[in-house]
Student: 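Mind looking over this structure? Questions follow.
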Protein chains: 2
Amino acid sequence: MAGRQTRSDIVKAADELFYRRGYEPTSFADIAEKVNISRGNFYHHFKVKDEILNEVIQKRAVDRQAMLDAWEGEETTPAGRIGRFIDILAMNCDKIRLHGCPIGTLTSELAKLDHPAREEAVALFSLFRNWLNRQFVEMGLEEKADRLAMELLARSQGAATLYNAFRDDDFLSREIAAMKRWVAGVAATAASLTKDQSIKDLERGL
Amino acid sequence: MAGRQTRSDIVKAADELFYRRGYEPTSFADIAEKVNISRGNFYHHFKVKDEILNEVIQKRAVDRQAMLDAWEGEETTPAGRIGRFIDILAMNCDKIRLHGCPIGTLTSELAKLDHPAREEAVALFSLFRNWLNRQFVEMGLEEKADRLAMELLARSQGAATLYNAFRDDDFLSREIAAMKRWVAGVAATAASLTKDQSIKDLERGL
DNA sequence: ACGCCAATAGGACAATTGCCCTAAAGGAAA
DNA sequence: TTTCCTTTAGGGCAATTGTCCTATTGGCGT
């Protein structure tokens, strides 16, 4: 049963290496060396490279989902939860500086390779997209929620890409601050909208 | 002297392949096959792979600069010129859908590879950054110009990344429209600011 | 016509790639 | 202890990688 441990060690090491160097440039040998096992042992757990990629993507999905779930317990308002999403950029800035966004860069690479797992990688984006969507819905912005989610997702991607390129801390801080102001603004208009709606509801005798 | 032609053929083919598949996954053989020359001939023109990369980056810089210069002649206002920049997304949407932004994805890849040419790739970003900067300065927004340039650059990068992931035409259209509205807003406030300034100048007797 | 160098071809190099095989070790169930 | 299957090791496969070498061709200047 120690095999399970080895298997998850492999996935963990591959996850890190795929992030730092990219999927294609990372070889079996690189991963095996990092986990300190033989290539033969490696092959016993994963017959083809694509298998590892799928497992890595699945692991990333689980990790991200756990993070989102945790925020749900720690923050009481949708705006607060969205704030946590924006904070990812600040909390992981050292890694983003060197290797970019783990989801964005993987998706781009797989798109170029025309790799079948591309859609699974996009699903990682969808995780955040749908989660953000729900936060905006909870604000009372059902009809705009998905568009707002995509807008914020895009902005954070842009910030990550340019921070990775220019490595300018001031730029990143400004983008984070701007996104937070944007969320506050959205939340404020949402609040006034629902207030208007409840007034209208009252007038209509609901 | 036909060698010059061959050399530029190589660079052109490499440019395309580096964009479509990425730098690392593209081999000498791939390029040579595309240009229809032997590996020996290839080696005569480029001793190491990095050399081609540098030349490709330089070619991209020249191409982009030519494009920017052309806009300068075709559009009379800074806002109009910035509009042309935003239009890149619409004009190249088929390629972006499949391979992302040529500059953003190359920069990300080279960052992961810790490649010395990374900074040259970032210079491609700087080309646009400085050009946008100049447009905003021309609007009369000297002090904010670089920040506005970075903001727009980031937004277009985010749009490209998410369009490449989700391939949602509506999203791209919305982002383009939003960016254009944003530019119009910036231009409007700039105009009112300079008006205020000229009034103040008048009052001060300038 | 001759000489010279750029241009091209094609083969070969060691190293590395993803992948596969066989054999030994380990550990739980009988 | 014996049995059996999982886990591990390590060698080896053909194919591909970037790089290099030598030999032939081709065109321009003299």
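Every chain is numbered from 1, with letters handed out A, B, ... down the list of sequences. Treat the numbers as computed from the prediction; the structure is a model and nothing was measured.
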Student: Could you state the atom-to-atom distance from CD1 of B:Ile37 to C1' of D:dT24 in whole Å?
Tutor: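 Answer to the nearest Å: 17 Å.
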Student: For nucleotides 21-26 of chain C, read 5' to 3', which letter fits each nucleotide if B means a protein heavy atom sits under 4.0 Å from the base, S means only the sugar-phosphate is that close, and - means neither?
Tutor: ------
Student: Looking only at the side chain of B:Lys49 (C-beta and beyond, no hydrogens), which of the listed nucleotides D:dT19, C:dT8, D:dT8 gets closest?
Tutor: D:dT19
Student: Just how far, in rounded Å, is C1' of C:dG18 from CZ of A:Phe28?
Tutor: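 Atom-to-atom, A:Phe28 to C:dG18, this comes out as 6 Å.
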Student: Have a look at the helix from C:dA1-D:dT30 to C:dA30-D:dT1 and give the angle its two end axes make, five pairs each, rounded to 10 degrees.
Tutor: 0°
Student: Measure CG/B:Asn41 against P/D:dT19 and give the value in whole Å, please.
Tutor: 16 Å
Student: Take atom CD of A:Glu33 and atom P of D:dA9, then tell me their distance rounded to the nearest Å.
Tutor: 14 Å
Student: If the test is side chain to side chain contact (heavy atoms under 4.5 Å, CB included), which one of A:Met150, A:Glu151, A:Arg147 qualifies with B:Phe171?
Tutor: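 For B:Phe171, the side chain to side chain contact (heavy atoms under 4.5 Å, CB included) test succeeds with only one of A:Met150, A:Glu151, A:Arg147, which is A:Met150.
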Student: Tell me: CD of B:Glu24 to P of C:dT16, nearest whole Å?
Tutor: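 It works out to 13 Å between those atoms.
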Student: Taking NZ from B:Lys47 and P from C:dT8, how many angstroms apart are they, rounded to a whole number?
Tutor: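 About 13 Å, once rounded to whole Å.
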Student: Within 45° of the ring axis of A:Phe166 and under 6.0 Å from its six-membered ring centre, is that where the NZ or CZ of B:Arg129 lies?
Tutor: yes
Student: Could you check how far CZ of A:Arg4 sits from P of D:dC5, rounded to whole Å?
Tutor: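 Value for this atom pair: 18 Å.
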Student: May I ask you to decide whether B:Glu138 forms a salt bridge with B:Arg81, counting only side-chain N to carboxylate O separations under 4.0 Å?
Tutor: yes
Student: Under 6.0 Å from the CD atom of A:Glu33, do we count more than 12 heavy atoms belonging to anything else shown?
Tutor: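 12 or below, so no.
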Student: Considering only residues two or more places apart or on different chains, which pairs with a residue in residues 86-97 of chain B satisfy side-chain hydrogen bond (donor to acceptor under 3.5 Å, both in side chains)?
Tutor: B:Asp87-B:Lys180, B:Arg97-B:Tyr163, B:Arg97-B:Asp169
Student: Tell me whether B:Lys49 forms a cation-pi arrangement with B:Phe46, defined as NZ or CZ under 6.0 Å from the six-membered ring centre and within 45 degrees of its axis.
Tutor: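 No cation-pi geometry.
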Student: Is there a side-chain polar atom (N or O) of A:Thr6 under 4.0 Å from OP1 or OP2 of D:dT8?
Tutor: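 For D:dT8, OP1 or OP2 has a side-chain N or O of A:Thr6 closer than 4.0 Å.
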Student: Could you give the CG-to-C1' distance, from B:Asn36 to C:dA9, as a whole number of Å?
Tutor: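 From B:Asn36 CG to C:dA9 C1': 13 Å.
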Student: Look at A:Glu16 together with A:Arg20 and state whether they make a salt bridge at an N to O cut-off of under 4.0 Å.
Tutor: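 Salt bridge present between A:Glu16 and A:Arg20.
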Student: When you measure from the side-chain N and O atoms of A:Ser27 to the phosphate of C:dT16, is any distance below 4.0 Å, counting only OP1 and OP2?
Tutor: no
Student: Closer than 4.0 angstrom, basic N to acidic O: yes or no for B:Arg21 and B:Asp30?
Tutor: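 Salt bridge flag = yes for B:Asp30 with B:Arg21.
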Student: Please determine if a side-chain N or O atom of A:His44 lies less than 4.0 Å away from the OP1 or OP2 oxygen of D:dA9.
Tutor: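 Answer no for this pair, as no side-chain N or O of A:His44 is under 4.0 Å from OP1 or OP2.
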Student: Using a strict threshold of under 4.0 Å (side-chain N to carboxylate O), is an ion pair present between B:Asp9 and B:Lys34?
Tutor: no
